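Everything numeric here is computed off the predicted structure, so don't read it as measured data.
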Amino acid sequence: MSLKRGGIELSQEQADIVDSVMQPDSITVVSAGAGSGKTRTMVASVLHLVSEKNVSIDDFALITFTNKATDEMRERLESGVLERIEEAEKAGDWDQLSRWFEQKERIASTFIGTIHRFCAMLLRNFGYTELIAHESEIIMASHYFQAALKDTMNEGLEDSTTNILFDTEQVHWAPHVMAERLKSWYEYIRGRGRSITEVASETLRQNENDDNQKYRNAVATMLEKLENNYRELKREKGGVDTNDLLHKCAALVEQHKNQIGPLVASRFRYLFVDEFQDTDELQMNIIQSLAPRLKHVLVVGDRKQAIYGFRGADHSVIRKIAELNNKTPLSLSASRRPTEPLHKAQSVLFDNMGLRYEFLQEKLTQPDDAHVPKDSLVPFQYEHVKTFKDRQGPIIERMVGKIREYVGQRIHDRHKGIRQVEYRDICVLFRSNYQLQSYHSLIPSDIPVVTDTGGGFFRKPEIVACYHMLQAILKYPDDVSLDLALGTPFLPFNAPNSIYRNDGTNLVLRDWFEDEDDCKEWLKGIRNIRKRMKVDLVPQLLTNMYEFTRVREYYGKMGNLQAVANLEKLVMWSRELMNTEALTLQHFFDRLQVALLTGMEMDEADTGMEDTKPNSVRFSTVHSAKGLEYPIVILPDIGRRLLNDEQMPTFFEIPGWGLDLELPGGQGCSSSFNEWVDHYRQNMLEEEARIFYVAVTRAEHVICMIGHGYDKPNPIGDENWSWKDEVLHAGDSLKGLGKKIVKID
DNA sequence: CGGAGTAGACTTTTT
DNA sequence: GTCTACTCCG
């Protein structure tokens with residue numbers, strides 16, 4: 001029996017999944033390991049259905065988690081279809097040829113995108129009762145939020161439940177800090193798909209009878225006021241934020257099942273979701289509600305690779321959706337990615353980690369014909385740098401040494417046979433963008449490096465900040481716009497402490513700016529630009545704005561040269577626009593707004609070091625490398641502490657119990673507060689283990705890790721626990737694999 | 001022992 | 001830029 005499906009050669013377990021998707025009116029849940037061919041199986045399923053059933057490629061909705069994964073999916077689908085075309089040409093099968101040519105055209109109208117885009121599309125096309133506002137109103141929502149926040153602060157001062165929060169003798173925060181916290185708490189709760197109203201009423205019902213209950217009540221009441229004010233403003237003026245998008249979509253498919261169902265069924269017949277472990281419960285419910293209307297739903301995920309828990313993703317959704325539908329998840333466990341010896345070493349490491357984390361007990365197997373390379377590269381290496389402080393320098397030195405050592409060595413490539421290692425074979429993975437930036441700036445210039453910093457140009461914080469600053473200038477003296485600019489680095493001084501006052505003066509933000517000495521220069525800058533708006537060209541005005549706000553110095557000091565380069569690139573962009581239109585500052589602002597809200601694609605600025613060298617080492621964060629693979633992966637600084645008391649959250653939202661928090665000043669904690677902190681620590685260690693798993697499984701041929709500090713492992717769960725300890729704890733079993741496979745020093 | 005000065009660390013991302 | 005931990009010197 002041939003294991004080709006949709007013209008793609010598959011393994012038995014992959015073919016079983018395709019065959020399961022062929023069954024009508026059902027749902028298939030797949031639990032897939034790293035490198036087991038998730039995308040391949042999905043593409044094969046699409047192509048197989050198209051060739052076997054009377055289905056067209058645009059009857060599918062393919063949902064991915066990131067925009068990057070979207071591009072990858074589209075590419076793979078296109079090349080799959082192109083192969084069908086070539087095959088039909090060779091065989092001289094003209095019927096097939098014209099059929100696949102038609103499918104190729106239809107890829108353009110196939111929905112391939114993130115769950116957010118999917119929801120926005122559903123609302124726009126089918127949401128006749130909950131009619132979604134025009135796109136420009138999405139961006140307006142952030143204005144309304146600021147306005148609602150301000151109203152809430154003023155109301156909170158009058159209310160006897162909440163005014164204890166304004167007693168700065170008790171709670172040591174300036175009002176603008178309180179506003180900032182309220183905002184982040186509000187976003188935290190809503191980002192998890194929870195209802196503010198519900199959380200508030202849960203909190204008020206707590207009945208703990210401790211001294212701190214009044215503080216929790218006060219915060220809950222503030223959040224509820226904020227929710228009401230914001231909702232009212234959005235309703236009145238027609239704004240929608242990204243959370244509303246999902247909530248409205250969930251409400252739409254749930255409450256108007258009978259009207260929406262047939263509409264959705266008329267547009268889509270199949271729904272495939274990739275990276276399902278990064279989905280949250282609300283999103284799962286949307287998929288679940290749609291399932292009965294569709295021919296087949298396929299969800300694929302790997303809970304070992306769930307690394308978006310901080311954003312509210314819940315990796316148990318795979319199990320939950322399987323249970324809801326009475327299905328046993330099919331498994332996809334054979335990993336084609338690593339070479340045979342690397343896989344052996346990875347398995348020993350993961351087995352050892354499995355003693356600590358239950359989810360790592362799902363094993364990765366290998367196909368019988370796994371690649372055994374004939375070269376002398378050591379697949380699994382741990383390099384120890386004997387230093388305690390000043391770790392960055394020595395680690396960079398070691399890392400650069402390894403890169404130089406690898407380049408030019410012989411590598412036995414699975415496809416091309418023996419060849420030389422090039423820069424482009426190497427990927428260095430960092431835990432944070434901060435680390436990535438600071439290492440990048442210290443790499444010797446003879447090593448070509450490209451950085452891979454997640455989102456595109458118009459999503460970068462410095463560009464968004466620039467947008468807010470421009471708005472503050474254009475709308476001056478509008479308080480809401482000033483407020484938005486307040487949180488950006490375009491403000492070279494501290495934000496005001498006392499905007500919210502109850503002494504009858506009703507001090508507005510612009511009055512504060514007028515009064516404050518620090519702001520004189522800044523205000524002068526704004527007035528100057530407003531004066532010159534009609535005279536100077538946009539590039540000049542932008543440069544002028546960078547100067548008086550000293551924003552380039554700010555980013556320069558932080559070592560964020562990419563941000564400085566991006567700001568320059570914005571000036572270049574305005575020059576380009578000038579070629580095609582008479583560009584006023586207002587006009588430029590409008591163009592920028594459109595670019596921001598449509599997520600217009602534009603590459604980041606070159607910082608000079610990388611130029612157009614395609615053969616470069618790649619620097620990436622673990623999160624943005626997800627789904628990718630590289631022959632050689634280097635993980636620098638795996639000795640970094642994972643738990644940091646300073647970073648422990650002081651705000652929790654416990655479903656069914658309400659909120660618990662520690663205000664600056666120490667008030668607010670319930671007796672269970674420490675329990676939540678411990679729970680958080682545990683979750684954090686588990687998520688870090690999954691991130692480590694993702695990092696280690698990016699490698700096809702060689703994984704090289706660099707650690708520092710003590711070369712003996714810390715006790716399990718110790719406050720100094722790091723990724724290094726995972727390796728050292730497995731050290732003895734790893735060494736047993738022999739020097740040709742493992743090198744630990 | 002304590003104040004002044006300095007070096008190093010700073011989560012992750014979707015819309 | 002801000003915070004902490006560490007060093008140095010009196």
Which residues share a ring-ring contact (aromatic ring centres under 6.0 Å, His included) with A:F589, sequence neighbours left out
A:Y467
On DNA chain B, compare the nucleotides closest to A:Q435 and A:N243; which residue's is nearer the 5' end?
A:Q435
Of the listed B:dT15, B:dT11, B:dT13, the closest approach to the A:T621 side chain comes from B:dT13
What distance, rounded to whole Å, do you find between the two C1' atoms, one in B:dT13 and one in C:dC3?
25 Å
Rounded off to whole Å, could you give me the CG-to-P distance for the A:D278 and B:dT12 pair?
16 Å
Per A:H116 side chain, nearest of listed nucleotides B:dT11, B:dT13, B:dT15:
B:dT15
Quick one: is B:dT13 close enough that its OP1 or OP2 comes under 4.0 Å of any side-chain N or O from A:T66?
no
Separation of A:R431 atom CZ from B:dT11 atom C1', in whole Å?
5 Å
All salt bridge (charged side-chain N to carboxylate O under 4.0 Å, His left out) counterparts of A:R640, not counting sequence neighbours
none
Closest to the side chain of A:H623, out of B:dT13, B:dT15, B:dT11, is B:dT13
Count the heavy atoms of every other residue, nucleotide or ligand shown that sit under 6.0 Å from CD of A:E187, and state whether that count exceeds 12.
yes
Would you kindly give the CD-to-P distance between A:E687 and B:dT13, to the nearest whole Å?
12 Å
Less than 6.0 angstrom separating the ring centers of A:Y308 and A:H623, yes or no?
yes
Contacts of A:Y357 meeting ring-ring contact (aromatic ring centres under 6.0 Å, His included) (sequence neighbours excluded), chain-then-number -> A:F359
Residues in ring-ring contact (aromatic ring centres under 6.0 Å, His included) contact with A:H116, at least two apart in sequence or another chain
none
To the nearest angstrom, how far is A:I307 atom CD1 from B:dT14 atom P?
11 Å
Applying salt bridge (charged side-chain N to carboxylate O under 4.0 Å, His left out), can you list everything that pairs with A:R391, at least two apart in sequence or on another chain?
A:D637
To the side chain of A:Y680, which of B:dT14, B:dT11, B:dT12 is closest?
B:dT11
Under the 5.5 Å and 30° test, is A:Y308 stacked on the base of B:dT14?
no
Report yes if the side chains of A:I716 and A:W721 come closer than 4.5 Å at any heavy-atom pair, otherwise no.
yes
Please give the distance between the C1' atoms of B:dT12 and C:dT4 as a whole number of Å.
23 Å
Could you list the residues that satisfy ring-ring contact (aromatic ring centres under 6.0 Å, His included) with A:Y710, not counting sequence neighbours?
A:F388
Whole angstrom is fine here: how far is it from CH2 in A:W723 over to P in B:dT12?
12 Å
Please work out the stems of DNA chain B from pairs that are Watson-Crick or G-U wobble with both distances under 3.5 Å, keeping only runs of three or more consecutive pairs.
B:1-10 with C:1-10
A:D280 CG to B:dT12 P: how many Å, rounded?
21 Å
It should be established whether A:T279 places a side-chain nitrogen or oxygen under 4.0 Å from OP1 or OP2 of nucleotide B:dT14.
no
Whole-Å distance separating the CG atom of A:N720 from the P atom of C:dA5:
13 Å
What's touching nucleotides 5-9 of chain B from the protein side, N or O pairs under 3.5 Å?
unit_1	atom_1	unit_2	atom_2	d
B:dG8	OP1	A:D390	OD1	2.4

Can you name the residues that form a side chain to side chain donor-acceptor pair (under 3.5 Å) with A:T64, not counting sequence neighbours?
A:T70
Can you tell me the distance, in whole Å, between the OH atom of A:Y439 and the C1' atom of B:dC10?
13 Å
